[in-house]
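Read through the structure below, which is laid out as C-alpha cells, and then see the notes.
Note that ligands are numbered from 1 as they come in the structure, with each ligand's atoms numbered from 1 the same way.
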Amino acid sequence: METLSGGRSTGIYRQGETVVRPIQEWSATVHRLLRYLHQQGFHACPEVIGMDTGSEVLSFVEGDTYNYPLEGAIASEEALISAARLLRQLHDVSQGFLNNVNLAETVWMLPAREPAEVICHGDFTPYNVALSGNEVVGVFDFDTAHPAPRLWDIAYSVYCWSPFKTDPIDKMGTLNTQIARARLFCDSYCVSNSDRQKLVTEMITRLQSLVTFMLAQADTGDEQFAQHIAEGHHAGYLADIDYLSLNENKIIEGIC
Ligand SMILES: Nc1ncnc2c1ncn2[C@@H]1O[C@H](COP(=O)(O)OP(=O)(O)O)[C@@H](O)[C@H]1O
Ligand SMILES: [Mg+2]
C-alpha cells in the first residue's frame, strides 16, 4: 500500500488501481455526485468503488500529478487550456445533478452559495489534476465540492493557475505573464465579459472566505487547520489578497 501525499495529514493510500481515503460527513453526498458524473459520461473523476471501515475506496485517476512550484508540464499553456476546458465540462454536467437532488438532503464541507448554478469542485488547482503529457485529463479530491456560482470556482482556479501568488515557492512569472495566463484560462472556459469584470473581486472574496474557514476550523480544535495557521498559511492568502487588490485594475484590463 503506497501512501499518497497531498495537503492532508491523515492517511490517503493507493492500493492497486484504487485510492483509500478517510470517510467524512460529506462523503455520501460527494459519492452521489461522482456517481452522477460518471452516469452522464464524465469519466475524468474518480469512480466510487465502495466503503471500507472508516474509509472510502475510489478508482485511481491515471496520469501525472504535480504541486507548486509549477514546473514542467503543469506550467505549460496546454495544461492551462485543458484545465479550463475540463472545469467547464465538469460545471456543465453538474447542473443536471442540481436538478436531480434535494439540496436540503445534501451535506458539503464548504457552505453552499447562492445562486447554486453548478457544483463547484472547490479546489480545482494544479495539485488536484492528473496529466497525460501536457494535457489535463483528470481531476480528484472532491472533498471541497459544493453548490455555488460558476464564477466562485473559476475565481479560485484562476488564482491558483495564473498563479496570482506571492509566496516564493508558489509564485511563477511576472504580473504580465500571470495576467496572460488568467486571460487564457478565461478564454478556454469561455467566461463572459461581465464575469471577467467581477473576477478579481470574486478572487478576493474567495480567499477571504478561505481564511475565515481555516480560522474557524482551527478554533473548533481541528489539528490540521491549527497547524496550518501556526505555519502561517493564512498569512500567505492575506498577502495574495493585497497583491490582487493592488493590481486589480491592471488585471481586469488585461483579461477583458
Ligand atoms: N482518485 C485519485 N486518483 C489518482 N490520484 C489520487 C486520487 N486521489 C488522491 N490521489 C493522489 O493522492 C494525493 C492526495 O490526495 P487528495 O485527495 O488530493 O487529498 P489532499 O490533497 O487533501 O491530501 C493527490 O495529490 C494525488 O496525487
Ligand atoms: Mg489534493
Val19, Asp123, Val57: member with heavy atom nearest to atom 7 (C) of ligand 1: Val19
As an exercise, identify every atom of ligand 1 less than 4.0 angstrom from a heavy atom of Pro46. 1 (N)
Run the numbers for me: atoms of ligand 1, each under 4.0 Å from some heavy atom of Tyr127, listed by number. 25 (O)
Short side-chain donor-acceptor distance under 3.5 Å, Ser94 and Gln40: no
Looking only at atom types and distance, does a side-chain atom of Thr125 sit under 3.5 Å from a main-chain N or O of Asp123, one as donor and one as acceptor? yes
Find, among atoms of Asp141 that are N, O or S, the one nearest to the Mg ion (ligand 2), and state its name. OD2
Looking at every non-hydrogen atom in both residues, tell me the closest pair between Leu199 and Ala155 and how far apart they are. CD1-CA, 3.7 Å
Within reach of ligand 1, part of Asp141 (heavy-atom separation under 4.0 Å): both
Assess whether atom CD of Glu78 is packed by more than 12 heavy atoms of other residues, nucleotides or ligands within 6.0 Å. yes
Taking 4.0 angstrom as the limit and counting only heavy atoms of Thr65, give me the atoms of ligand 1 inside it, by number and element. 27 (O)
I'd like to know whether CD of Gln197 has more than 12 heavy-atom contacts from other residues, nucleotides or ligands below 6.0 angstrom. yes
So is Gly63 in contact with ligand 1, going by heavy-atom distances below 4.0 Å? no
Atom NE2 of His31 and atom CD1 of Ile49: how far apart are they, to the nearest 0.5 Å? 10.5 Å
Under a 3.5 Å distance rule, please check whether Asp153 uses its side chain to pair with a backbone N or O of His121 as donor and acceptor. yes
Can you list the atoms of ligand 1 that are under 4.0 Å from a heavy atom of Asn128? 18 (O)
Does Glu253, at its CD atom, have more than 12 non-hydrogen atoms belonging to other residues, nucleotides or ligands within less than 6.0 Å? no
Give the atoms of ligand 1, by number and element, whose distance to some non-hydrogen atom of Ser59 is under 4.0 Å. 1 (N), 2 (C)
Tell me which part of Val61 gets within contact of ligand 1: side chain, backbone, both or neither, using heavy atoms under 4.0 Å. both
Decide, counting backbone as well as side-chain atoms, whether Asn128 has an N, O or S atom less than 2.8 Å from the Mg ion (ligand 2). yes
So for Leu58, does at least one of its heavy atoms come nearer than 4.0 angstrom to any atom of ligand 1? no
Side-chain donor/acceptor of His38 to backbone N/O of Cys45, under 3.5 Å: yes
For ligand 1, does Phe60 get within less than 4.0 Å through its side chain, its backbone, both, or neither, judged by non-hydrogen atoms? both
Are Gln227 and Glu231 linked by a side-chain donor-acceptor pair shorter than 3.5 Å? yes
Judged by non-hydrogen atoms, does Glu62 sit under 4.0 Å from ligand 1? no
Can you tell which part of Ala130 has a heavy atom less than 4.0 Å from ligand 1: side chain, backbone, both or neither? neither
